[in-house]
Amino acid sequence: MTQDHLSVTAFLGDMRLATGPRDAVTRTIEERYPGDIGAILVFDDISGKLTDLDYWDAAASTPAPSAGRPRLGVKAREVTLLPRHWDWLAAQPGGASAALRRLVEAASKGAPDAKQRRDAAYNFMSHLCGDRIGYEEALRALYRDDEEAFAGQIAGWPDDIRGHIARLLGKG
């Protein structure tokens, strides 16, 4: 999956309405489906979890720029490392904190692994597919890595739902 963490997909029932950056999907829904907003479900494309969009007031909710240093939302927490790890971090440009931030950013931008992909598919399926024929068997096959059985269980599900599951699993 190559989309960034801001990519979402919106569904109205079994129909995929839009996929893309949050702001683009928000505009699409506002323009094309204003009467359906309460029934539209929006899913994060990395985690498969439900997420919310800010309709109609995105511009109003944007804070005005302020002078001075920007707030980064930095939180101080304890990290336990071996002395050799602290020595390596201290020798990095910007010190230990900057090096750790760079390492975390690089790791979080990497492609999701198989477990993350399965969990994302599960999260999505738990919201839109729980009452479908073969749901429980499909989940068992998903976590057994039995692609053939999984495909067989979801074969009768709507195309948009199957397509999104494939996308979450990195196969679409």
Side-chain angles (χ1 to χ4, degrees), residues 1-77 79 94 97-132 135 138-139 142-143 147 150-151 154 157-172:
M1 215 174 315
T2 59
Q3 71 273 6
D4 64 23
H5 68 283
L6 300 177
S7 180
V8 296
T9 299
F11 276 84
L12 179 58
D14 295 342
M15 183 175 61
R16 186 184 63 80
L17 303 178
T19 296
R22 294 178 72 86
D23 58 342
V25 171
T26 301
R27 280 193 311 274
T28 299
I29 292 170
E30 288 173 344
E31 293 168 4
R32 297 183 190 166
Y33 308 98
D36 295 316
I37 286 179
I40 294 172
L41 298 178
V42 181
F43 297 90
D44 178 276
D45 286 339
I46 294 295
S47 70
K49 293 181 179 179
L50 278 176
T51 188
D52 291 323
L53 299 179
D54 292 326
Y55 300 109
W56 290 293
D57 61 351
S61 67
T62 304
S66 61
R69 185 175 176 174
R71 273 189 80 170
L72 300 176
V74 175
K75 292 184 180 182
R77 301 229 176 136
V79 175
S97 291
L100 284 171
R101 283 192 297 271
R102 284 191 303 272
L103 289 168
V104 169
E105 283 298 317
S108 66
K109 288 181 182 176
D113 64 19
K115 181 190 179 316
Q116 290 168 318
R117 290 178 187 276
R118 277 191 308 271
D119 289 347
Y122 165 79
N123 290 330
F124 172 73
M125 290 169 61
S126 69
H127 288 285
L128 281 186
C129 307
D131 60 349
R132 297 188 186 282
Y135 169 74
L139 288 182
L142 176 68
Y143 281 98
E147 292 182 25
F150 180 74
I154 69 170
W157 295 2
D159 291 343
D160 285 351
I161 289 178
R162 284 195 336 264
H164 191 63
I165 292 169
R167 185 168 175 258
L168 290 171
L169 291 171
K171 300 171 191 287

Do you know which two heavy atoms are closest between E30 and D54, and how far apart they sit?
-> OE2-O, 4.0 Å

Could you tell me whether Y122 atom OH has more than 12 heavy atoms of other residues or ligands within 6.0 Å of it?
-> no

Which atom pair, heavy atoms only, marks the closest approach of L168 to A121?
-> CD1-CA, 4.0 Å

In chain order, what residues pass the side-chain contact (heavy atoms from CB on, under 4.5 Å) check against A151, with sequence neighbours excluded?
-> none

Nearest 0.5 Å please: distance from the CD1 atom of I165 over to the SG atom of C129.
-> 4.5 Å

When you measure from the side chain of R118 to the backbone N and O of Y143, does any donor-acceptor pair fall under 3.5 Å?
-> no

Exceeds 12 heavy-atom contacts within 6.0 angstrom, atom CZ of R102 | yes

A120 versus I46, closest heavy-atom pair with distance | CB-O, 3.2 Å

Could you state the interatomic distance from CG (D14) to CG (L128), rounded to the nearest 0.5 Å?
-> 7.5 Å

So how far is it from L41 CG to H127 NE2, rounded to the nearest 0.5 Å?
-> 8.0 Å

Rounded distance (nearest 0.5 Å) linking atom CG of D45 with atom CZ of R22 | 10.5 Å

Which ring-ring contact (aromatic ring centres under 6.0 Å, His included) pairs, counting each pair once, include a residue from residues 11-38, with sequence neighbours left out?
-> F11-F124, F11-H164

Does the side chain of L169 reach to within under 4.5 Å of the side chain of L142, using non-hydrogen atoms?
-> yes

Checking D44 side chain against V8 main chain: does a donor-acceptor pair fall under 3.5 Å?
-> no

Value for CG (D119) from OG (S126), rounded to nearest 0.5 Å, stands at 11.0 Å

Which pair of heavy atoms, one from R16 and one from D160, lies closest together, and at what distance?
-> N-OD2, 2.9 Å

What one should report as the nearest heavy-atom pair of P158 and R132 is CD-NH1, 3.6 Å

Where G48 and F43 come nearest, the two heavy atoms and their spacing = O-CD2, 3.4 Å

What distance separates D36 CG from L17 CG, expressed to the nearest 0.5 Å?
-> 8.0 Å

